[in-house]
Amino acid sequence: MSQLRIATFNLLHGQPLAPDGAPRPYPADAGGPLAQAVAALDADVLALQEVDRHQSRSGGTDQAAVAAAAMGAADWRFAAALHGRPAPVAGWVPEPVVPNGLRVYGPGEIGDGAPPSYGTALLTRLPVRHWRARRFAPAPFGLPLRVAGRRGLTPVPDEPRAAVAAVLEGERGPFTVVAAHLSFVPGWNMAQLAGIRRWIADLPQPYLVLGDFNLVGAVPRTVLGGATALERTAPRTRVRELRAARRARPVLAEPRRRRVREPRPRLQGWYDLARTPTYPSHRPAVQFDHVLAVGVPRGAVGPAAAPRAGVSDHRPLVVEVAL
């Protein structure tokens with residue numbers, strides 16, 4: 001089987017960075033550094049987060065379209081979680097002419113003159129059977145975070161997030177890929193990740209969930225495993241019906257038999273295809289960016305890497321998989 005290169009990359013809106021992590025100005029060709037970074041990945045499937053579309057700060061570039069052209073993607077979707085412009089520290093100034101909500105763009109919308117937006121993208125060289133997208137509401141509060149170009153901690157409000165899913169056609173049949181960017185608020189991001197698992201339950205396995213989850217270690221795979229286990233449990237109404245039927249049974253004279261408990265669903269199956277630090281890009285110390293899978297044999301997973309790129313405070317995460 002041929003190996004597919006699966007990758008995820010938080011772009012930081014394609015911000016060029018110096019070797020020490022300091023921001024650099026965009027060149028005259030604002031999409032050039034991004035195109036170069038994406039082309040170097042040579043990915044067959046690429047999830048992108050913090051993607052700009054028609055934003056002044058990134059030269060008005062349609063970054064999903066630029067990345068798709070750089071990798072030779074046959075199809076792609078950009079899910080805009082926000083329509084508006086970034087405001088320093090305060091978050092975002094919404095675009096008054098576009099309703100607040102999810103809007104999805106693809107190859108047919110290039111050059112459409114739509115208002116500036118920001119969100120998540122999924123790009124692929126493979127044939128696509130089905131697309132879907134969803135938007136997550138922001139947490140009601142933010143957190144103090146380190147921001148590129150600023151000293152110390154900066155109070156940052158949370159923002160809406162988006163996820164894009166696609167059913168792709170591989171050599172062994174269809175499989176599902178999800179690109180996601182989750183909240184940085186602890187607990188809120190875990191609920192979003194569990195929601196993604198339930199959201200794709202009707203799509204074909206194997207599943208690959210890619211993105212910046214703002215979660216570390218075993219937390220993402222444990223959350224996904226927990227969401228899978230919840231799907232296997234009986235609905236509350238069915239449990240109540242069984243309990244009522246048991247109470248209505250006639251009392252028997254013979255000794256009551258000991259009840260044997262059925263084993264609970266085990267939290268297994270989901271695993272990390274790559275374990276390596278991805279943030280900050282100039283000196284990686286933690287892994288916020290993940291490629292998680294279920295239904296993919298471990299023997300089908302090849303080498304993984306987090307190469308340095310000329311843009312973003314995250315490193316891209318790339319792994320080879322036979323699908």
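Both backbone and side-chain heavy atoms feed into the values below; hydrogens, waters and symmetry mates do not.
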> Should Arg5 and Val318 be marked as a side-chain contact (heavy atoms from CB on, under 4.5 Å) after you check the CA-CA gap, both sets of side-chain angles, and the distance that decides it?
Replying inline: CA-CA 7 Å; Arg5 288 176 64 84; Val318 187; 3.5 Å; yes
Check whether any side-chain heavy atom of [X] sits under 4.5 Å from a side-chain heavy atom of [Y], and report yes or no.
X      : Y      : answer
Val156 : Leu143 : no
Pro284 : Thr276 : no
Val321 : Gln3   : no
Val167 : Trp131 : no
Thr124 : Val177 : no
Thr120 : Leu122 : no
Val301 : Glu320 : no
Asn214 : His181 : yes

>> Using side-chain contact (heavy atoms from CB on, under 4.5 Å), reason through Leu123 and Phe78 one step at a time and then give a plain yes or no.
In response: CA-CA 9 Å; Leu123 306 82; Phe78 166 70; over 6 Å; no
Measure from the side-chain N and O atoms of [X] to the backbone N and O of [Y], and report whether any donor-acceptor pair falls under 3.5 Å.
X      : Y      : answer
His130 : Thr176 : no
Arg135 : Ala81  : yes
Arg315 : Ser281 : yes
Tyr207 : Ile200 : yes
Thr278 : Gln287 : no
Gln55  : Gly84  : yes
Asp112 : Ala114 : yes
Ser58  : His54  : no
Glu109 : Gly106 : yes
Arg132 : Trp199 : yes

Can you measure from [atom1] ([X]) to [atom2] ([Y]) and round to the nearest 0.5 angstrom?
X      : Y      : atom1 : atom2 : answer
Leu317 : Arg275 : CG    : CZ    : 12.5 Å
Leu82  : Glu159 : CG    : CD    : 6.0 Å
Met190 : Thr222 : CE    : OG1   : 8.0 Å
Ile6   : Leu323 : CD1   : CG    : 6.0 Å
Arg221 : Asp272 : CZ    : CG    : 4.5 Å
Leu102 : Arg161 : CG    : CZ    : 15.0 Å

At their closest point, which heavy atom of [X] faces which heavy atom of [Y], and how far apart are they?
X      : Y      : value
Ala194 : Ala227 : O-CB, 3.9 Å
Asp158 : Phe141 : CB-O, 3.8 Å
Gln63  : Leu34  : CB-CD2, 3.7 Å
Gln49  : Thr8   : NE2-OG1, 3.0 Å
Phe9   : His314 : CE1-O, 3.3 Å
His83  : Tyr105 : NE2-OH, 2.9 Å

> In this structure, are over 12 heavy atoms from other groups packed under 6.0 Å from Gln36 atom CD?
Replying inline: no
>> Strictly below 4.0 Å, N to O, side chains only: are Asp42 and Arg125 in salt-bridge contact?
In response: yes
>> Taking the basic N atoms (NZ, or NE/NH1/NH2) and the acidic carboxylate oxygens, is any pair closer than 4.0 Å for Arg77 and Asp75?
In response: yes
ILVMFWY cluster, [X] and [Y] together (side-chain gap under 4.5 Å):
X      : Y      : value
Val294 : Leu193 : yes
Val164 : Leu208 : yes
Phe288 : Leu12  : no
Tyr279 : Val51  : no
Val45  : Trp76  : no

>> Can a side-chain donor-acceptor contact be found between Ser183 and Asn189 if the only test is distance below 3.5 angstrom?
In response: no
> Are Arg53 and Tyr118 in a cation-pi setup, meaning NZ or CZ lies under 6.0 angstrom from the ring centre and within 45 degrees of the ring axis?
Replying inline: no
> Should the pair Arg298 and Tyr271 be classed as cation-pi, given the thresholds of under 6.0 Å to the six-membered ring centre and 45° from the axis?
Replying inline: yes
> Can you check side-chain contact (heavy atoms from CB on, under 4.5 Å) on Leu126 and Val128, steps first, answer last?
Replying inline: CA-CA 6 Å; Leu126 304 179; Val128 183; over 6 Å; no
> Going through the checks in order, is the side-chain contact (heavy atoms from CB on, under 4.5 Å) test met by Asn10 and Asp289?
Replying inline: CA-CA 8 Å; Asn10 181 320; Asp289 308 274; 4.0 Å; yes
